[in-house]
Amino acid sequence: HAADAQRTDLMTITRFVLNEQSKYSESRGDFTILLSHIVLGCKFVCSAVNKAGLAKLIGLAGETNVQGEEQKKLDVLSNEVFIKALVSSGRTCILVSEEDEEPTYVEPSRRGRYSVVFDPLDGSSNIDCGVSIGTIFGIYQLNDSHEPNLEDVLQPGKNMVAAGYCLYGSSCTLVLSTGTGVNGFTLDPSLGEFILTHPDLKIPKKGKIYSVNEGNAKNWDGPTAKYVEKCKFPTDGSSPKSLRYVGSMVADVHRTLLYGGIFLYPGDKKSPNGKLRVLYEVFPMAFLIEEAGGQAFTGKIRALDLVPKKIHERSPIFLGSYDDVEEIKALYAAAE
Ligand code: AHG
Ligand code: MN
Ligand code: MN
Ligand code: MN
């Protein structure tokens, strides 16, 4: 019976991606190997995050533990683990991390065809109070074997071949797209494997939740202010939306993906480009949301059409359910 089969026929993330990649047989092995190194990084961060409270018993981040050893901050530690895992995969050539000012160019002997942009620990302000945090990543593929350079990563998000995030929440969930829809996998701690739990995720066409840091409202521009006002005081007879804001992009986007609604990090008078980084926050999330049937908009254009000029560039972002993003797009169009 199908129900029985589900319990014994475990679809691990590796098996899933191998099946999916069998369409492009030549890349199959390389991509799967790359992904397994990303997955290893996620498992490490998951276990480190779960021990974060416990670690306080033996020494705070930045302080020394009982052995007199320096404790690394969790975001720095996570970054090191990801960089080392990605370099050792032998499948990467350029790595861009939120934690490193400069990109990492992989030495020729360990070089591969993929570039990975990532935020090893997103939502770091939430670490010390046990609120959900995450890892975000995007993957570009080099077409030929030229000497890697910055242009290889300063590409629009639509050129990514895959993107994903891992949410360290009440459970550890990895959401991935290789450009053919979105799938979610949950870590089974007893197996140490990510198992397919959310096949073919689609974002609801319209949602009942908006997610934004309203503390910045005094500096908002007209369309953002008008949109949020409409969420609270709808004029079309619909019910007001609920406000949910964790302050960890991964958690806020994951909820938006599953429940529908809109996530906003607008530009404002103080920060015209908002806060979130194009390469490793905006692009991967925009890629996933579009693959799930939603939209991602910068206030001017489709987010995935942006061409970043710098690796740590920022952009305003409005993403979520198709109909909700359509409304904010109309407000920005009307303001032009
Ligand atoms: P990071 O922890 O990687 O520096 O990113 C934090 C980001 C993101 O997770 C979140 O959406 C946003 O900061 C929240 O910013 P505000 O505190 O300004 O709302
Ligand atoms: Mn971040
Ligand atoms: Mn971060
Ligand atoms: Mn940071």
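These numbers come from a predicted model, not from an experiment. Numbers here simply count residues along the sequence, with the first being 1. Every number for a ligand or one of its atoms is a count from 1 in the order of the listing.
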Please give the atom name: the N, O or S atom of Asp119 nearest to the Mn ion (ligand 3). OD1

Considering the heavy atoms of [X], write down every atom of ligand 1 situated less than 4.0 Å from one of them.
| X | answer |
| --- | --- |
| Asp119 | 3 (O) |
| Glu281 | 3 (O), 5 (O) |
| Ser248 | 9 (O) |
| Met249 | 8 (C), 9 (O), 10 (C), 11 (O) |
| Tyr265 | 15 (O), 16 (P), 18 (O), 19 (O) |

Looking at Lys329, I'd like to know if its NZ atom is crowded, meaning that more than 12 non-hydrogen atoms belonging to other residues, nucleotides or ligands lie closer than 6.0 Å. yes

Heteroatom N/O/S of Pro120 within less than 2.8 Å of the Mn ion (ligand 3): no

Donor on one side chain, acceptor on other, [X] and [Y], under 3.5 Å:
| X | Y | answer |
| --- | --- | --- |
| Asp75 | Ser78 | no |
| Ser321 | Asp323 | no |
| Thr173 | Tyr168 | no |
| Glu290 | Gln295 | no |
| Asp152 | Ser115 | no |

Please report whether ligand 1 has a polar contact with Tyr245, defined as an N or O pair separated by less than 3.5 Å (distance criterion only). yes

If I apply the N/O under 3.5 Å rule, does Leu276 come out as touching ligand 1? no

For [atom], which of [options] has the closest heavy atom?
| atom | options | result |
| --- | --- | --- |
| atom 17 (O) of ligand 1 | Lys275, Met285, Glu98 | Lys275 |
| atom 16 (P) of ligand 1 | Asn126, Asn213, Ile133 | Asn213 |
| atom 9 (O) of ligand 1 | Asp75, Val246, Asp122 | Asp122 |

Should Val250 be listed as contacting ligand 1, given a heavy-atom distance under 4.0 Å as the test? no

Below 4.0 Å, non-hydrogen atoms only: which portion of Asp252 touches ligand 1? Side chain, backbone, both or neither. neither

What protein heavy atom sits nearest atom 10 (C) of ligand 1, and how far off is it? Gly247 O, 3.4 Å

Opening angle at the Mn ion (ligand 2) [OE2, Glu281; OD1, Asp122; to 10 degrees]: 100°

Can we call the ring centroids of [X] and [Y] under 6.0 Å apart?
| X | Y | value |
| --- | --- | --- |
| His312 | Tyr280 | yes |
| Tyr165 | Phe137 | no |
| Tyr332 | Phe318 | yes |

Presence of N, O or S from Glu98 under 2.8 Å of the Mn ion (ligand 2): no

Which atom of Val182 lies closest to which atom of Ser177, heavy atoms considered: CG2-CB, 4.1 Å

Check the pair Phe82, Phe44 against ring-ring contact (aromatic ring centres under 6.0 Å, His included), reporting the backbone distance first and the verdict last. CA-CA 9 Å; Phe82 272 99; Phe44 173 88; 8.7 Å; no

